[in-house]
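Whatever order the structure lists ligands and atoms in, that order sets their numbers, starting from 1. Note that these values count all heavy atoms, side chains included, but never hydrogens, waters or copies made by symmetry. Here the structure is a predicted model, which means the values were calculated and not measured.
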Amino acid sequence: MPESYLFSTVAAKLRKFREDNPGVEVIRMDIGDVTLPIPSAALIAMHKAVDDMADKSSFHGYGPEQGYDFLRKAVAENDYASRGVQITPEEIFISDGAKSDLGNLGDIYSKDSVIAVADPGYPVYVDANVIDGRGGELINGKWSNFVYLEGNERNGFKPEPPAQHADVIFLCSPSNPTGSAFTRNELKAWIDYALDNSALIIYDSAYCAYITDSDIPHSIYEIEGARKCAIEVRSFSKTAGFTGLRCGYTVVPTELTGLDEKGREVSLRKLWLRRQTTKFNGASYIIQRGAEALYSPEGKLEVKQNVDYYLANARLIRQTMSKAGFTVFGGENSPYIWVKSPSGESSWDLFEKLLREVNISCTPGVGFGDAGEGYIRLTGFNSTANTELAMKRIIAFFNK
Ligand SMILES: *Cc1c(COP(=O)(O)O)cnc(C)c1O
């Protein structure tokens, strides 16, 4: 497996630029983490939960590996039933975050499953499956056993189902890094493909709270047939500032089955339960109480305010970059804006130009896959004041 140099190279280049140019203030538009503090509803609930631990009558030791009922019920009611989707608490598995689940799910499908991933895409899907031994050989930067689903200008960085067969398909919507999001019809085509191919879709909707268009489903289970072919993975990280607290969940419907080596149907929910109870001892009680509080009226309001704050930044970036003549994707149902190099420069050339001439940093798109070459990723996670300043610099430089 080659080393991953993307974020360390960005950091090293930034460090060097700052050393060589003291007094020049670089604005970080490459931030991949939330920056606002957690909602106070979660803070209050966690303080109380800490106190619970100090009293014999309310102390909590090992909890259920699948998560506490109070949180699984809150998720089922607020994230699903409220949108007309029937998901029972038994189908919800609370975890320490989406990244762990996305990697750990490899324990319940075969070592020789053919994996399909979007290019460009979130690197965890590729790397986790390579660690599990599903990659094959690395030839010209591509793993020989994977099906790469190319995102491009033509498909709006929303790959269509491939002609080849795949067993496990990773879809991320709204997408990190491109900010693109599948419509109902586009997602339906994927579900049809999965049902035809007896394939499993692993649907990463870590950014579903950023969806604003009514035509974009929040959950894959809003589409008919998904209960038979899809696992959905979600996180409180980008929604509620839980990146440092660690909590997420995975939904595995009871109807979802795979085939064992003799061709017999096996419940994936039962397999995942077995996997989690074997290798995981549950997310922290304190953190789960914090997550539960996000579903209180105050918590919901605060989550919405935080998401709206990042979305307003993203919108400003999208509008400004368009005005400056760039072709842009995302930034509407996502904190990410995917920007095309105006005159065919490479991702790293545009990175250097923005750093040196405009004093803003970005993430080179090629770091998310070959099909990301010629693009950069900007994010709405900086403060509004810094975002506004960065966009003034863009206008001053590109519209002169
Ligand atoms: C941030 C991110 C995650 C990881 O979320 P955690 O719950 O913090 O582990 C998963 N998927 C995508 C696409 C992300 O951007």
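Considering both main-chain and side-chain atoms, S100 never comes within under 3.5 Å of ligand 1 through any nitrogen or oxygen pair. Residue T243 has no nitrogen or oxygen atom sitting less than 3.5 Å from a nitrogen or oxygen atom of ligand 1, judged on distance alone. For Y336, no nitrogen or oxygen atom sits less than 3.5 Å from a nitrogen or oxygen atom of ligand 1, counting backbone and side chain alike. Geometrically, ligand 1 and G97 share no nitrogen or oxygen pair separated by less than 3.5 Å.
Within ligand 1, counting atoms from 1 as listed, the ones closer than 4.0 Å to a heavy atom of K238 are 1 (C), 2 (C), 3 (C), 4 (C), 5 (O), 14 (C), 15 (O). Residue contact check: K99 has heavy atoms under 4.0 Å from atoms 4 (C), 6 (P), 9 (O) of ligand 1. Of all atoms in ligand 1, listed by their number and element, those nearer than 4.0 Å to a heavy atom of D204 are 10 (C), 11 (N), 12 (C), 13 (C). Set against the non-hydrogen atoms of R246, the atoms of ligand 1 under 4.0 Å away are 6 (P), 7 (O), 8 (O), 9 (O).
At least one heavy atom of C172 sits closer than 4.0 Å to an atom of ligand 1.
Classified by interplanar angle (parallel below 30°, tilted 30° to 60°, perpendicular above 60°), the ring pair W190/Y193 is perpendicular.
The line from CD1 of I287 to OH of Y68 is 12.5 Å long, rounded to the nearest 0.5 Å.
Checked for salt-bridge contact, K228 and E255 miss the test: no charged N lies under 4.0 Å from a carboxylate O. The existence of a salt bridge linking R154 and E160 is confirmed by a sub-4.0 Å separation between a basic side-chain nitrogen and an acidic carboxylate oxygen.
M391 and I376 fall within the same hydrophobic cluster, defined by Ile, Leu, Val, Met, Phe, Trp and Tyr side-chain heavy atoms under 4.5 Å apart, directly or through other members.
Of all the heavy atoms of Y207, the ones lying under 4.0 Å from any atom of ligand 1 belong exclusively to the side chain. Within the 4.0 Å heavy-atom criterion, the part of S237 lying near ligand 1 is the side chain and not the backbone.
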Under 3.5 Å, which donor-acceptor pairs do the side chains of residues 117-129 form with other protein atoms, sequence neighbours left out?
| from | atom 1 | to | atom 2 | distance (Å) |
| --- | --- | --- | --- | --- |
| D119 | OD1 | D370 | N | 3.3 |
| D119 | OD1 | A371 | N | 3.0 |
| D119 | OD2 | K142 | NZ | 2.7 |
| D119 | OD2 | A371 | N | 3.3 |
| Y125 | OH | D204 | OD2 | 2.6 |
| N129 | OD1 | Y109 | OH | 2.9 |
| N129 | OD1 | R134 | NH1 | 2.8 |
| N129 | ND2 | Y125 | O | 2.8 |

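R289 and Y285 are linked by a side-chain donor-acceptor pair at a separation below 3.5 angstrom, with hydrogens and angles left out of the test.
Residues L6, F7, V10, F17, V24, V26, F157, F329, W338, W348, F351, L355, V366, F368, Y375 make up the rest of the hydrophobic cluster containing L14, defined by ILVMFWY side-chain heavy atoms closer than 4.5 Å, directly or through other members.
The single protein non-hydrogen atom nearest to atom 4 (C) of ligand 1 is Y122 OH, 3.5 Å, given as residue, atom name and distance.
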